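Here the structure is laid out as structure tokens; the discussion comes afterwards.
All values reported here derive from a predicted model rather than from experimental measurement. Just so you know, these numbers use all the heavy atoms, side chains as well, and skip hydrogens, waters and symmetry mates.
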Amino acid sequence: VIEGNTLTREIRSSLGRGMLLTNKAGGYYSTGAKTKSNGLFFRLDGRLYKILDSMTTPGEIKSVTNNFWSLETKKPHFSERFFMPLYTNTLVYELSAPAPVDLFLDMREADDYRSAGRAHKITIGKNLVLVEYTKSGDTSEESARHGYHLYLAIAGESFLHREKIGKWVKVEYELDRQLGQPPFESQVYHAIRLFSRKMVLSASLSRKEAIDHAKKVFQDLPRLSEIQRQYLGITLRRTGRKDIDAAHKAAANSLDALSFKQENQLHIYDGLPFSPRQSGLAETISLKALIQDGRLEASKEIIMRQLDEIEKNPQAADIALLGWYLKRWADLITLLSEKGIYQEHLRGEEIERITKRLEKIVDSTLHSCADEEGFAIAGPNQSWMSSIERPGPRIELQAMRLATYHLMYKLTLNEEYLQKELELKKKVLDRFWNGKYLKDGLNDGTIRPNLFIAAYLYPDLLMKKEWETCFS
């Protein structure tokens, strides 16, 4: 399916051993540098849980091969293959020859770092291992949290050797310490050592579900492997250019891996493994790539969900988020129009309803996010440059406001929006453009990269030669 695009890399440093797989249901398996963000994670009933800290076998990793649908590591005496079947809370692990596999568990809610009250019950069978994890509740005022149960089922062909270890082991998170992101160490549970060639790990909040899923996936591995290959073949289309085909497929695969379904709605993670959350701003920025990749219905699904969320809680939609959101509407509409498929995805009555909803949101924010001169403003730490406060009128905010007026005029043909666009454009040129570059703020001549965002959002602000002068 992806012949000629397998990516293999020789391993030369501990930081280079990272691998990342996802299951399209919010779960992922990540390895590499010493960080608490690596391991096996599943999203269960809307919450993210960590299941496994690491899985170790003897020998040094010599190379890692990314097949996109699976990952392979090569060691001196055997190779390993990992993949996560689509939309299942399972991890498949296969070896080319039997080898001892040590499992270090870190079963918890992803943000639950409490060390007290953790207990594991391990039941070992011929073809199945079951781990029942219990986390006791905490009634202290400082960290009051509920208790919970987690189940990990491991199905395999007859385990040639099964050994219960049952020891707590201290691990130090070197990378987290370097980044200043505590905790910097933890206790993980060296639960068991298995000697096998193939196994499926499945986790659930239900004992029966964990066992059933592990067994079912194990029995259906050939078919699931083929489904995985076919899915990637559809998702990672060829560009027609050999020099960028592999890079394009890697980028498309990464974007696809970050998207997942939750409660039958499509979401995009900020980033994995360090940011397994969905912030509206990061998701909206990622939408452009989804649109360009031709996944128009998926883009529409996300953008409509975001519209519902903004309407329910308009106070949470700051000017930057709203600006990017409207920019993505413009991108989607422009692409549909250029390809002549507008009516296939947005029917007349549907776009009318959407336009009215957008108009209501835009009109409600025009005054609340503007100063007395009509410039778009943000409060302290509300811009994307969160390392500095940057309050007041900023150049990228004016570009967002101009792009918003432009979109609303295209949708409504209301000349009031056109007039506002022309008036604001003149004021921005008068107050921000000095003939050489665009100032970062109304009263701030600092040169910052925000002018590139302004050019991206509203390229009509300057002539081509003026942009060239600005960038040079």
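Within a 6.0 Å sphere centred on CD of Glu263, heavy atoms belonging to other residues, nucleotides or ligands number 12 at most. The neighbour count for Lys288 NZ, taken as heavy atoms of other residues, nucleotides or ligands under 6.0 Å away, is above 12. By the neighbour-count criterion of 12 heavy atoms within 6.0 Å, atom CG of Asp45 is sparsely surrounded, having that number or fewer from other residues, nucleotides or ligands.
Distance alone, capped at 3.5 Å, places no donor-acceptor pair between the Arg193 side chain and the Pro100 backbone. When atom types are taken as modelled, the side chain of Ser196 and the backbone of Lys198 share a donor-acceptor pair closer than 3.5 angstrom. Using a distance-only test at 3.5 Å, with no hydrogens or angles considered, a donor-acceptor pair links the side chain of Asn23 to the main chain of Thr88. Judged by distance alone, the side chain of Gln228 and the main-chain N or O of Met84 form a donor-acceptor pair under 3.5 Å. Of the possible polar contacts, none joining the Lys36 side chain to the Asp176 backbone as a donor-acceptor pair under 3.5 Å is found. In this structure, Tyr148 contributes its side chain and Glu109 its backbone to a donor-acceptor pair below 3.5 Å. A donor-acceptor contact shorter than 3.5 Å links the side chain of Asp112 to the backbone of Arg114. Formation of a donor-acceptor pair under 3.5 Å by the Thr73 side chain with backbone atoms of Ile61 is not found in this model. The backbone N or O of Thr284 sits nowhere less than 3.5 Å from a side-chain atom of Tyr325 that would complete a donor-acceptor pair. Counting only distance, with no hydrogens or angles, the side chain of Tyr133 and the backbone of Met107 share a donor-acceptor pair below 3.5 Å.
Defined by atom type and a distance below 3.5 Å, a donor-acceptor pair is missing between the side-chain atoms of Asn38 and Thr31. There is no side-chain donor-acceptor pair under 3.5 Å between Asn89 and His213. Side chains of Asp256 and Tyr231: a donor on one and an acceptor on the other come within 3.5 Å.
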Stepwise side-chain contact (heavy atoms from CB on, under 4.5 Å) check, Arg207 with Ile211:
CA-CA 6 Å; Arg207 180 181 186 275; Ile211 294 173; 3.9 Å; yes
Under the criterion side-chain contact (heavy atoms from CB on, under 4.5 Å), I'd like the reasoning laid out for Arg118 against Asp106: C-alpha separation, chi angles, the key distance, then a yes or no.
CA-CA 10 Å; Arg118 296 188 290 171; Asp106 190 11; 3.9 Å; yes
Going through the checks in order, is the side-chain contact (heavy atoms from CB on, under 4.5 Å) test met by Ile154 and Leu103?
CA-CA 11 Å; Ile154 307 168; Leu103 274 69; 3.4 Å; yes
Decide yes or no on side-chain contact (heavy atoms from CB on, under 4.5 Å) for Ile51 and Leu91, but give the supporting numbers first.
CA-CA 11 Å; Ile51 305 300; Leu91 172 69; over 6 Å; no
Where do Arg305 and Asp308 land on the salt bridge (charged side-chain N to carboxylate O under 4.0 Å, His left out) test, with the steps shown first?
CA-CA 5 Å; Arg305 171 179 56 76; Asp308 292 337; over 6 Å; no
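Between Asp212 and Lys216 the shortest side-chain heavy-atom distance does not fall below 4.5 Å. Put simply, the side chain of Arg448 reaches to within 4.5 Å of the side chain of Ile388, judged on heavy atoms. Counting heavy atoms from C-beta outward, Leu258 and Leu272 have side chains that approach closer than 4.5 Å. Side chains of Tyr28 and Pro276 form a contact here, defined as non-hydrogen atoms less than 4.5 Å apart. Using a 4.5 Å heavy-atom threshold, the side chains of His120 and Trp168 count as touching. Side-chain contact between Leu150 and Leu44 is present, with heavy atoms from C-beta onward closer than 4.5 Å. Taking 4.5 Å as the limit, every side-chain heavy atom of Tyr151 sits out of range of all side-chain heavy atoms of Glu209.
Under the 4.0 Å criterion applied to side-chain N and carboxylate O atoms, Glu359 and Lys356 are not assigned as salt-bridge partners. A salt bridge links Arg390 with Glu396: at least one charged nitrogen is closer than 4.0 Å to a carboxylate oxygen.
Not counting sequence neighbours, the partners of Ile124 by the side chain to side chain contact (heavy atoms under 4.5 Å, CB included) test are Ile122, Val129, Arg162, Lys164, Ile192.
Applying the ring-ring contact (aromatic ring centres under 6.0 Å, His included) test between Phe83 and each of Trp69, Tyr29, Phe68 identifies Trp69 as the sole match. In summary, of the residues considered (Lys24, His267, Glu283), a side-chain hydrogen bond (donor to acceptor under 3.5 Å, both in side chains) with Ser259 occurs for Lys24 alone. Between Leu290 and the options Arg328, Arg295, Glu301, a side-chain contact (heavy atoms from CB on, under 4.5 Å) holds for only Arg295.
Listed here is the closest heavy atom pair of Pro391 and Pro380: CB-N, 3.8 Å. Between Gly26 and Tyr269, the shortest heavy-atom distance links the atoms O-OH, 2.7 Å.
Sequence neighbours left out, the pairs with a member in residues 65-92 that pass salt bridge (Lys or Arg N to Asp or Glu O under 4.0 Å) are Arg81-Glu94.
Here the CD1-CG distance, from Ile361 to Leu307, works out to 5.0 Å after rounding to the nearest 0.5 Å. Here the CZ-CD distance, from Arg229 to Glu226, works out to 5.5 Å after rounding to the nearest 0.5 Å. The structure places CZ of Phe42 at 7.5 Å from CG of Leu201, a figure rounded to the nearest 0.5 Å.
Between His190 and Phe104, the ring planes lie parallel to each other; the angle is under 30°, not in the 30° to 60° tilted range.
Close placement of the Tyr93 and Phe82 rings is indicated, their centers lying within 6.0 Å of each other.
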